[in-house]
Protein chains: 2
Amino acid sequence: MARIKTDKNISRKDVIVTKAASLFREKGFKAASMRDLAEAVGVEAASLYNHIKSKTELLHELCFSVANRFLQKIDEVEAEKIPAIEKIEKLLRFHINEMIHHYEEVYVSDREWKHLADPYLSNFQNQRRIYRKRFAAIIESGIRNHEVKKIDAPTAVLIMLHAISGIESWHRSTQKISAAELEENMVTILVGGLTQ
Amino acid sequence: MARIKTDKNISRKDVIVTKAASLFREKGFKAASMRDLAEAVGVEAASLYNHIKSKTELLHELCFSVANRFLQKIDEVEAEKIPAIEKIEKLLRFHINEMIHHYEEVYVSDREWKHLADPYLSNFQNQRRIYRKRFAAIIESGIRNHEVKKIDAPTAVLIMLHAISGIESWHRSTQKISAAELEENMVTILVGGLTQ
DNA sequence: ATAAATCGCTAACGCGTGTTAGCCAAAAAA
DNA sequence: TTTTTTGGCTAACACGCGTTAGCGATTTAT
């Protein structure tokens, strides 16, 4: 009998969720089996159900914990009294750092949310839509103030969010530049693309 | 008995491959079943096997037909005697148009190649790696000629390719700007981000 | 020390999967 | 018109999936 190891303040469920993120990222949600996950955790598949309700629950937890972090950040940024372009840069840097430091979770939330079931699915899609609208609104205010050049704001959002998800390639590449360099390069190119 | 309808020069296999692209895009490769595909084609699942070898073969065909189009294009662009920045813009516009007009195929090739099996998998990954290096080399030559600002070329490639895959969101959005506007906005932002 | 809760295990379930075998009608070739 | 090929069909296969039941050992609470 091989109990799941836990440190203080890390529940066995947390261990499972974390391993699930890694597995879902690697294989995709559908292709990752509970038996795979069990093996990664060091336990039999049935034992997982002492800690979780279902496979889908794992996906909920991952998707919404990520979504909540982003919503909280945009609340914070919107409230600040700084130029729009600085708000954009702050959000951008936040996204980049989330993708660098919470890679697996963020990636899974980004790519695998399709496999959520209603009502979680509609809920997640809504949150996403609203987030993008709020982001676009910041860009639009930047355009009105002539901080940002005249472009279609939703398209700009789409470019930025997807560009950031490209950090996936950075993670998997063998000859990585440093995280700090990556951040600076991305900000240079993306903020540069909006201004000037 | 409901035969698969075909026009001239479109084989029954082509019909299946096209429907497969649509289905794989919508549900993901693993989650899309052969019975789903059969229904979309208007036939029983077993009947599909009169035209194809396996489910994975469908993925091969999609992935490599897309990859070949991109490789052919970069061959063509590299051979031209024009400034690097114009080469970059040409590739960019090609990517954008591919994503606009062959959405399902390109999307599937981009997101579902993980489910290829060796030797196709390694093959595909190699082609991808080489393509990106060639793209980065063009950017680097642009930097040497001072057409492009000093940035990490692989990072620039990563941003551009992933930004383009964001056209997925455009396809699914209800209030679309026109394809032409989308293209111009993307080029403005991305080329603008490299130059300035 | 005793009781209760926690957390592993094995066995098994029902179901959906990709795929094959074998048959027969329609279409194409002779 | 006859023969051959094509392309449907039904039935079935072996397998992997998520999940549950029920048991016993270890840990925690009393």
Side-chain angles (χ1 to χ4, degrees), chain A residues 1-21 23-24 26-63 108 112 114-118 120-121, chain B residues 1-21 23-24 26-63 108 112 114-118 120-121:
Chain A
M1 191 169 306
R3 290 218 158 189
I4 300 175
K5 288 180 188 171
T6 53
D7 298 343
K8 250 177 235 157
N9 295 338
I10 297 186
S11 70
R12 285 170 167 75
K13 182 169 179 176
D14 289 338
V15 174
I16 294 171
V17 171
T18 303
K19 290 276 185 191
L23 213 70
F24 293 170
E26 188 188 329
K27 302 196 166 192
F29 177 75
K30 273 283 175 184
S33 77
M34 294 304 277
R35 286 167 178 85
D36 289 338
L37 177 55
E39 193 181 353
V41 171
V43 110
E44 291 299 317
S47 306
L48 297 172
Y49 289 85
N50 287 319
H51 306 283
I52 62 164
K53 285 216 315 285
S54 65
K55 187 186 183 186
T56 342
E57 188 202 4
L58 293 169
L59 192 58
H60 305 160
E61 302 237 340
L62 289 167
C63 289
V108 168
E112 305 294 334
K114 280 188 193 180
H115 300 105
L116 288 170
D118 268 323
Y120 298 97
L121 178 60
Chain B
M1 189 170 299
R3 291 218 156 189
I4 300 175
K5 290 181 191 170
T6 53
D7 298 342
K8 252 178 230 154
N9 295 337
I10 297 184
S11 70
R12 284 170 167 76
K13 181 168 177 177
D14 288 339
V15 173
I16 294 171
V17 171
T18 304
K19 289 278 185 190
L23 214 71
F24 294 169
E26 188 188 329
K27 303 195 165 192
F29 177 75
K30 273 283 176 184
S33 77
M34 294 304 277
R35 285 165 180 85
D36 289 338
L37 178 56
E39 192 180 353
V41 171
V43 108
E44 291 299 318
S47 306
L48 297 172
Y49 289 85
N50 287 319
H51 306 283
I52 61 163
K53 286 216 315 286
S54 66
K55 186 187 184 186
T56 343
E57 188 203 3
L58 293 169
L59 191 59
H60 304 162
E61 301 237 340
L62 289 167
C63 289
V108 168
E112 305 294 334
K114 278 186 192 180
H115 300 105
L116 288 170
D118 269 324
Y120 298 96
L121 178 60

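First the proteins, then the strands, lettered A, B, ... as listed; each starts at 1.
- Taking the side chain of Tyr49(B) as heavy atoms from C-beta on, and the options dT10(C), dC9(D), dT19(C), the nearest nucleotide is dT19(C).
- Counting heavy atoms from C-beta on, the side chains of Lys13(A) and Glu57(A) come closer than 4.5 Å.
- Residue His51(A) places at least one side-chain N or O under 4.0 Å from the OP1 or OP2 atom of dG8(C).
- Side-chain atoms of Asn50(A) lie closest to dC7(C) of the nucleotides dC7(C), dA11(D), dA11(C).
- What separates NZ of Lys30(A) from P of dT17(C) is a distance of 8 Å, to the nearest Å.
- dT20(D) atom P lies 15 Å from atom NZ of Lys55(A), rounded to whole Å.
- Atom C1' of nucleotide dG18(D) and atom CD of Glu44(A) are separated by 15 Å, given to the nearest angstrom.
- Minimum atom distance to the side chain of Arg35(A) is reached by dG18(D), of the listed dT10(C), dG7(D), dG18(D).
- The nearest whole Å value for the distance from the CD1 atom in Ile16(B) to the P atom in dT19(C) is 13 Å.
- Considering all non-hydrogen atoms of both residues, Thr56(B) and His115(B) come closest at CG2-O, 4.1 Å.
- Projected onto DNA chain D by closest heavy-atom contact, Asp36(A) and Lys53(A) fall at different nucleotides, the more 5' of which corresponds to Asp36(A).
- With rounding to whole Å, Leu48(B) atom CG is found 13 Å from dG7(D) atom P.
- Within 4.0 Å of Ala31(A), counting heavy atoms only, lies no atom of the nucleic acid at all.
- Rounded to an integer number of Å, the gap from CG of Leu37(B) to C1' of dT19(C) is 14 Å.
- Straight-line distance from the CZ atom of Phe29(A) to the P atom of dC17(D): 13 Å, rounded to whole Å.
- Within a 6.0 Å radius of NZ in Lys30(A), no more than 12 heavy atoms belonging to other residues, nucleotides or ligands are found.
- Judged by the 6.0 Å and 45° rule, Lys55(A) forms a cation-pi pair with Phe29(A).
- Picking from dT19(C), dG7(D), dC9(D) the nucleotide with the shortest atom distance to the side chain of Ser54(B) gives dT19(C).
- Here Ser33(B) does not reach the OP1 or OP2 of dG16(C): none of its side-chain N or O atoms lies under 4.0 Å away.
- With rounding to the nearest 0.5 angstrom, the CG atom of Leu116(A) is 9.5 Å from the CG atom of Leu62(A).
- Residue Met34(A) places its side chain closer to dG18(D) than to any other of dG18(D), dT10(D), dG7(D).
- Distance Leu59(B) CG to dG18(C) C1': 15 Å, rounded to the nearest Å.
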